Amino acid sequence: SLSRLSLAGVSGDYEKNVLTRIEARDNRIAEFDIVNTGGCRWLDLAGNRLAEFNLKDYDSIQHLDLSGNALTELNLA
């Protein structure tokens, strides 16, 4: 199972125009990195091991599932 998921791509910004739907539920992800959050419309990270998550700049999000994580900090600002 995954413990760290980085979607930065080779140049650090590849996912900006490509990834709009991310489904990575039921893994062991404790760290999640994405460079451009504005293009993400669907994010499912349920059932992982995230302790904190930053939702700042997820301007286009339509579906978000973070259930089943051990979140102690959720940044909305």
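Since we're looking at a predicted model, the values are computed, not measured.
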Heavy atoms only: give me the nearest [X]-[Y] pair and the separation to one decimal.
X	Y	result
L66	L64	CG-CD1, 3.9 Å
L5	A24	CD2-CB, 4.0 Å
T37	K56	OG1-O, 3.7 Å

**OP:** Using the side-chain contact (heavy atoms from CB on, under 4.5 Å) rule, take I22 and I34 through it: C-alpha gap first, then chi angles, then the decisive distance, then the call.
**Re:** CA-CA 10 Å; I22 301 165; I34 183 171; 3.7 Å; yes

Between [X] and [Y] (side chain of the first, backbone of the second, donor and acceptor by atom type, cut-off under 3.5 Å), is there such a pair?
X	Y	result
S60	G38	yes
N75	L55	no
T72	A51	yes
N48	N27	yes

Original post:
Do the ring planes of F53 and Y58 sit parallel (below 30°), tilted (30 to 60°) or perpendicular (above 60°)?
Top reply: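 Judged by the thresholds at 30° and 60°, the geometry between F53 and Y58 is tilted.
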
Subject >> L45 CG to F32 CZ distance, which is reported to the nearest 0.5 Å >> reply: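 Answer for the CG-CZ pair, L45 versus F32, is 5.0 Å.
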
Subject >> CD on E52 to CD on E31, rounded to 0.5 Å >> reply: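 It is 9.0 Å, given to the nearest 0.5 Å.
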
**OP:** Tell me, with the steps shown, if C40 and I61 meet side-chain contact (heavy atoms from CB on, under 4.5 Å).
**Re:** CA-CA 6 Å; C40 184; I61 199 81; 4.2 Å; yes

Subject >> Salt-bridge criterion met for D44 and R21 (N-O under 4.0 Å) >> reply: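 Answer for the salt bridge query: no.
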
**OP:** Consider only side-chain heavy atoms of I, L, V, M, F, W and Y, link residues closer than 4.5 Å, and tell whether I29 and L19 are in one cluster.
**Re:**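 I29 clusters together with L19.
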
